[in-house]
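Structure first, then comments.
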Amino acid sequence: MKKFFVFALFSMLIVFLAACGSDDDANNAGGEKELSDELLVFNWSEYIPQEVIDGFEKEFGVDVVYSTYNSNHEMLTKVQSGTVAYDLVFPSDYYVKQMVENDLLQEIDFDNIPNYENIANAWRDMPFDPENKYSVPFMYGYDGIAYNKEFIKEPPTSWEDLWNPEYAGKVLLLEESKEVSNMTQQLLGNDMNDPTEKQLEAGAEKLKELVPNVLAFDATPSDRLVSGEAWIAHGYSGAAATAWLENPNIDFVLPEEGGIVWLDAMVIPETAKNKYTAEVFINYLLRPEVSKELSEFIPYGNPNEEAVKILPDEIKNSPGINFPEEIIKKTEWNLPLDADRTQIMNRLFQEAKVD
């Protein structure tokens with residue numbers, strides 16, 4: 001009888017737990033924590049290797065629809081249009097701030113991203129997202145000067161070196177007006193994030209003087225630097241490091257005027273339909289071994305301190321990764337201008353390009 005009573009009690013307990021589990025499964029099956037069939041990712045070109053995407057698809061059974069863009073402006077325009085409801089995008093720091101201010105982003109549920117603990121403290125509480133609500137750091141780097149040592153024997157020291165007449169037709173510039181404006185305003189000694197209209201005009205005149213040297217406005221100059229088609233570039237540190245992997249003559253410096261520090265982040269648009277799956281994908285990318293693959297593919301600065309620990313020395317020592325603290329302190333964060341000055345800046349930039 002005692003055995004029967006214990007057996008009956010045990011059976012009832014199993015039925016009760018099963019019922020509770022069924023309720024949870026039902027809630028998850030129809031709720032926000034069910035993985036979607038597909039995930040729409042919109043990212044910079046050459047930022048995630050196909051092997052990493054394949055690994056996520058195989059492990060989680062999610063089809064990643066992966067599209068790319070070449071500028072923050074292009075990304076923002078497409079997100080705002082709503083034509084495609086992207087689940088995850090990778091804007092630069094100042095665009096994160098702009099997207100937050102325009103109610104274009106959802107708050108992230110960090111309970112679904114336990115690997116966020118791998119992000120170094122130095123890359124949390126950023127000025128564009130001070131409460132860590134809307135973004136997760138992905139990669140960081142600098143706007144500075146990349147160059148090919150085969151053609152330029154002495155390392156550049158100033159933005160002014162781009163104007164060297166010996167480099168006619170061999171200079172590359174970034175293609176976003178604000179980034180080019182940052183460079184000219186720093187060179188002129190102005191506050192790049194708070195220029196007057198006259199200072200913007202002066203920057204445009206300075207740019208007109210540079211245009212005869214310019215081969216192209218290009219956000220991804222790696223191939224041209226590697227081939228020698230371009231000798232010197234106003235570009236991203238990561239692009240220089242990528243080129244360096246193919247051609248050890250490529251190097252990168254920060255100019256004496258300061259240069260710009262930036263961070264690309266992962267954010268979830270307000271229109272995203274698969275928020276939970278996007279958070280699972282973010283968590284996957286923050287695994288140390290996966291994040292290591294990202295840095296090996298394109299060696300930007302990696303804010304994932306656990307991934308950095310297992311990086312090979314070759315990547316740790318690539319151009320644009322390690323600078324003395326006194327040099328880094330001179331770099332500036334890029335902030336967007338107000339609408340009126342942005343319109344003026346864009347107009348002057350286009351005029352200077354075709355002058």
Side-chain angles (χ1 to χ4, degrees), residues 44-50 68-71 74 139-177 179-180 182-184 186-187 206-257 259-260 262 264 294-301 312-323 327 349 352-355:
W44 295 89
S45 59
E46 303 176 352
Y47 229 168
I48 297 180
Q50 186 61 45
T68 63
Y69 52 87
N70 289 313
S71 71
E74 178 187 353
M139 292 287 175
Y140 70 87
Y142 307 93
D143 291 7
I145 303 172
Y147 68 103
N148 190 322
K149 293 186 287 188
E150 182 180 354
F151 305 104
I152 298 177
K153 305 302 182 182
E154 293 294 324
T157 59
S158 167
W159 290 126
E160 189 72 48
D161 289 308
L162 299 172
W163 277 257
N164 188 328
E166 295 180 7
Y167 305 155
K170 299 297 183 181
V171 175
L172 297 176
L173 295 184
L174 291 171
E175 59 186 0
E176 286 205 19
S177 58
E179 290 174 314
V180 175
N182 290 340
M183 182 264 291
T184 58
Q186 274 196 346
L187 178 58
K206 188 67 177 175
L207 177 59
K208 288 179 182 179
E209 297 172 9
L210 177 58
V211 167
N213 275 12
V214 175
L215 171 65
F217 291 82
D218 189 353
T220 55
S222 302
D223 290 345
R224 285 180 162 127
L225 285 169
V226 168
S227 68
E229 182 184 2
W231 294 357
I232 188 169
H234 160 233
Y236 304 130
S237 54
T242 301
W244 169 79
L245 291 175
E246 296 186 50
N247 184 340
N249 285 315
I250 307 303
D251 207 345
F252 181 88
V253 296
L254 287 171
E256 60 190 12
E257 294 84 9
I260 291 88
W262 51 263
D264 287 340
L294 299 176
S295 287
E296 290 175 326
F297 179 68
I298 183 166
Y300 283 87
D313 289 340
E314 179 188 27
I315 301 299
K316 290 181 182 178
N317 298 324
S318 61
I321 297 296
N322 297 311
F323 287 107
I327 291 180
F349 178 64
K353 286 172 64 175
V354 300
D355 187 64

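This chain uses plain numbering: 1 for the first residue, then up along the sequence. Keep in mind that what you see is a predicted model, and the values were worked out from it rather than measured.
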Rounded distance (nearest 0.5 Å) linking atom [atom1] of [X] with atom [atom2] of [Y]:
X    : Y    : atom1 : atom2 : value
I298 : M139 : CD1   : CE    : 8.0 Å
I152 : Y147 : CD1   : OH    : 8.0 Å
T242 : D223 : OG1   : CG    : 10.0 Å
L210 : L173 : CG    : CG    : 5.0 Å
L162 : I145 : CG    : CD1   : 5.0 Å
E175 : T220 : CD    : OG1   : 7.5 Å

Next on the checklist: Take a 6.0 Å sphere around CD of E209 and say whether it holds more than 12 heavy atoms from other residues, nucleotides or ligands.
Outcome noted: yes

Next on the checklist: How about CD on Q50, more than 12 heavy atoms from neighbouring residues, nucleotides or ligands closer than 6.0 Å, or not?
Outcome noted: yes

Locate the shortest heavy-atom distance separating [X] from [Y]; write the atom from each residue and the value.
X    : Y    : value
P156 : V253 : O-CG2, 3.4 Å
K206 : L187 : CE-CD2, 3.6 Å
I315 : S318 : O-OG, 2.9 Å
G144 : L254 : CA-CD2, 4.4 Å
A243 : S222 : CB-O, 3.8 Å
G228 : N148 : CA-ND2, 4.3 Å

Okay, side chain of [X], backbone of [Y]: is any donor-acceptor separation there less than 3.5 Å?
X    : Y    : answer
S237 : Y142 : yes
D251 : P319 : no
D143 : M183 : no
W244 : F252 : no
S158 : P255 : no

Next on the checklist: Tell me whether K170 forms a cation-pi arrangement with F151, defined as NZ or CZ under 6.0 Å from the six-membered ring centre and within 45 degrees of its axis.
Outcome noted: no

Checklist outcome for this item: Of W44, Y236, Y47, the one forming a ring-ring contact (aromatic ring centres under 6.0 Å, His included) with Y300 is Y47

Checklist entry - Out of Q186, E256, H234, which one pairs with W159 under the side chain to side chain donor-acceptor pair (under 3.5 Å) rule? => result Q186

